Undergrad: 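Before I ask anything, here is the structure I am working with.
For clarity, every value in this text was computed on a predicted model and none was experimentally measured. Side-chain atoms are counted along with the backbone in the values below, which use heavy atoms only and exclude waters and symmetry mates.
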Amino acid sequence: QVQLVESGGGLVQPGGSLRLSCAVSGFTFNVYAMSWYRQAPGKEREWVATLTTPGGSTNYADSMKGRFTISRDNRKYTLYLQMNSLKPEDTAVYYCKAASQRGDYWGRGTQVTVSS
């Protein structure tokens, strides 16, 4: 069974940092890209970053460039999102997504709250 489990969210002050993790399992087919998305209350889900496999190229939404870094650890089967210089506008539930030929698979999300 396919599973994506996010962790690492929490409460942080503006300017602080968090590292989110997404543990993946159950994939017996090709995953060509993994991404992070976020959604704040009352707003549409927003794309954050994508890591393409197997080349490992990365792409970021403009508001995240220079602050967020997407990466992976193949041995640990884990996707990461390092978030620095966090702003209140970054407050949202963050989701990881695996894109494959069989479709998209989503985790249940982890809450990130940036507040004084």
Undergrad: Please give me the minimum heavy-atom distance between Gly109 and Val93, naming the atom from each residue.
TA: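 Where Gly109 meets Val93 most closely, the heavy atoms are CA-CG1, 3.8 Å.
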Undergrad: Would a single hydrophobic cluster contain both Tyr77 and Val2, if residues Ile, Leu, Val, Met, Phe, Trp and Tyr are joined by side-chain heavy-atom contacts under 4.5 Å?
TA: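 Same cluster: Val2 reaches Tyr77 through Ile, Leu, Val, Met, Phe, Trp or Tyr contacts under 4.5 Å.
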Undergrad: May I ask you to test the Met34-Val24 pair for a side-chain heavy-atom distance under 4.5 Å?
TA: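 The answer is yes, as the side chains (C-beta and beyond) meet within the 4.5 Å cut-off.
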Undergrad: Starting from Met64, can I reach Val114 by hopping between I/L/V/M/F/W/Y residues whose side chains sit under 4.5 Å apart?
TA: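 Cluster IDs for Val114 and Met64 match.
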Undergrad: Can you find a pair of side-chain heavy atoms, one from Phe27 and one from Tyr105, that are under 4.5 Å apart?
TA: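 They are in contact (side-chain heavy atoms under 4.5 Å apart), so the answer is yes.
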Undergrad: Pair Arg67, Tyr60 - check side-chain contact (heavy atoms from CB on, under 4.5 Å), show working.
TA: CA-CA 10 Å; Arg67 300 190 300 124; Tyr60 300 89; over 6 Å; no
Undergrad: Hey, what do you get for CZ (Arg38) to SG (Cys96), rounding to the nearest 0.5 Å?
TA: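 Interatomic distance, Arg38 CZ to Cys96 SG, rounded to 0.5 Å: 16.0 Å.
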Undergrad: Would you say Leu18 ends up clustered with Val48 if hydrophobic residues are merged whenever their side chains have heavy atoms under 4.5 Å apart, either directly or through other cluster members?
TA: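 Yes, Val48 connects to Leu18 through the hydrophobic network.
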Undergrad: In sequence, state the C-alpha distance, the side-chain angles, and the governing distance for Asn59 and Trp47, and then conclude on side-chain contact (heavy atoms from CB on, under 4.5 Å).
TA: CA-CA 10 Å; Asn59 289 282; Trp47 171 68; 4.0 Å; yes
Undergrad: Nearest heavy-atom pair of Gly107 and Tyr95: which atoms, and what distance?
TA: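 For Gly107 versus Tyr95, the nearest heavy atoms are O-CD2, 3.5 Å.
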Undergrad: Find out whether Gln111 and Thr91 are in side-chain contact, i.e. whether some heavy atom of one side chain is under 4.5 Å from a heavy atom of the other.
TA: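 SC-SC contact between Gln111 and Thr91 confirmed.
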Undergrad: Salt-bridge test for Asp62 and Lys65: reply yes if a basic N is under 4.0 Å from a carboxylate O, no otherwise.
TA: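 Counted as a salt bridge, because a side-chain N and a carboxylate O are separated by less than 4.0 Å.
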Undergrad: If you count the non-hydrogen atoms of other residues, nucleotides and ligands that lie under 6.0 Å from CZ in Arg108, is the total more than 12?
TA: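 Atom CZ in Arg108 is not packed in, count stays at 12 or less.
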Undergrad: Considering non-hydrogen atoms only, spot the tightest contact between Leu86 and Met83 and give its length.
TA: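 Answer, listing the atom of Leu86 first, then Met83: CD2-CB, 3.7 Å.
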Undergrad: I'd like to know whether Tyr37 forms a ring pair (Phe, Tyr, Trp, His ring centres under 6.0 Å) with Trp106, so could you lay out the CA-CA distance, the side-chain angles of the two residues, the decisive distance to 0.1 Å, and finally the verdict.
TA: CA-CA 10 Å; Tyr37 286 76; Trp106 294 83; 5.0 Å; yes
Undergrad: Does the pair Thr52 and Tyr32 meet the rule for a side-chain contact (heavy atoms from CB on, under 4.5 Å), with working shown?
TA: CA-CA 6 Å; Thr52 302; Tyr32 61 81; 5.8 Å; no
Undergrad: Would you name the heavy atoms of Thr50 and Ala33 that are closest together and state the gap between them?
TA: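 That closest heavy-atom pairing would be CG2-CB, 4.1 Å.
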Undergrad: Please report the closest heavy-atom contact between Leu20 and Gly9, naming both atoms and the distance.
TA: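 Heavy atoms only, the tightest pair is CD2-N, 3.6 Å.
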Undergrad: If I take atom CG from residue Asp90 and atom CD from residue Glu46, how far apart are they, to the nearest 0.5 angstrom?
TA: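 With rounding to 0.5 Å, CG (Asp90) is 9.0 Å from CD (Glu46).
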Undergrad: Same cluster or not: Tyr80 versus Val31, using hydrophobic residues (I, L, V, M, F, W, Y) connected whenever any side-chain heavy atoms lie under 4.5 Å apart?
TA: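 The answer is no; the residues belong to distinct hydrophobic clusters.
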Undergrad: For a side-chain contact (heavy atoms from CB on, under 4.5 Å) check, start with the C-alpha distance between Ile70 and Leu79, then their side-chain angles and the critical distance, and finish with the verdict.
TA: CA-CA 7 Å; Ile70 187 171; Leu79 180 76; 3.9 Å; yes
Undergrad: When rounded to the nearest 0.5 angstrom, what distance separates CG in Asn30 from CD in Gln101?
TA: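 Going from CG on Asn30 over to CD on Gln101, the span is 7.5 Å.
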Undergrad: Which distance, rounded to the nearest 0.5 Å, do you find between the NZ of Lys97 and the CG of Leu4?
TA: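 The distance works out to 11.0 Å.
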Undergrad: With rounding to the nearest 0.5 Å, note down the distance linking OG in Ser116 to CG in Leu11.
TA: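 One finds 9.5 Å between OG of Ser116 and CG of Leu11.
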Undergrad: Heavy atoms, side chains only, cut-off 4.5 Å: are Thr110 and Ser7 in contact?
TA: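 With C-beta onward as the side chain, the pair stays apart.
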Undergrad: Which value, rounded to the nearest 0.5 Å, describes the distance between Leu81 atom CG and Tyr94 atom OH?
TA: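 One gets 7.5 Å once the value is rounded to the nearest 0.5 Å.
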Undergrad: What are the two closest non-hydrogen atoms of Ser17 and Gln82, and how far apart are they?
TA: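 The pair with the smallest heavy-atom distance is CB-NE2, 4.0 Å.
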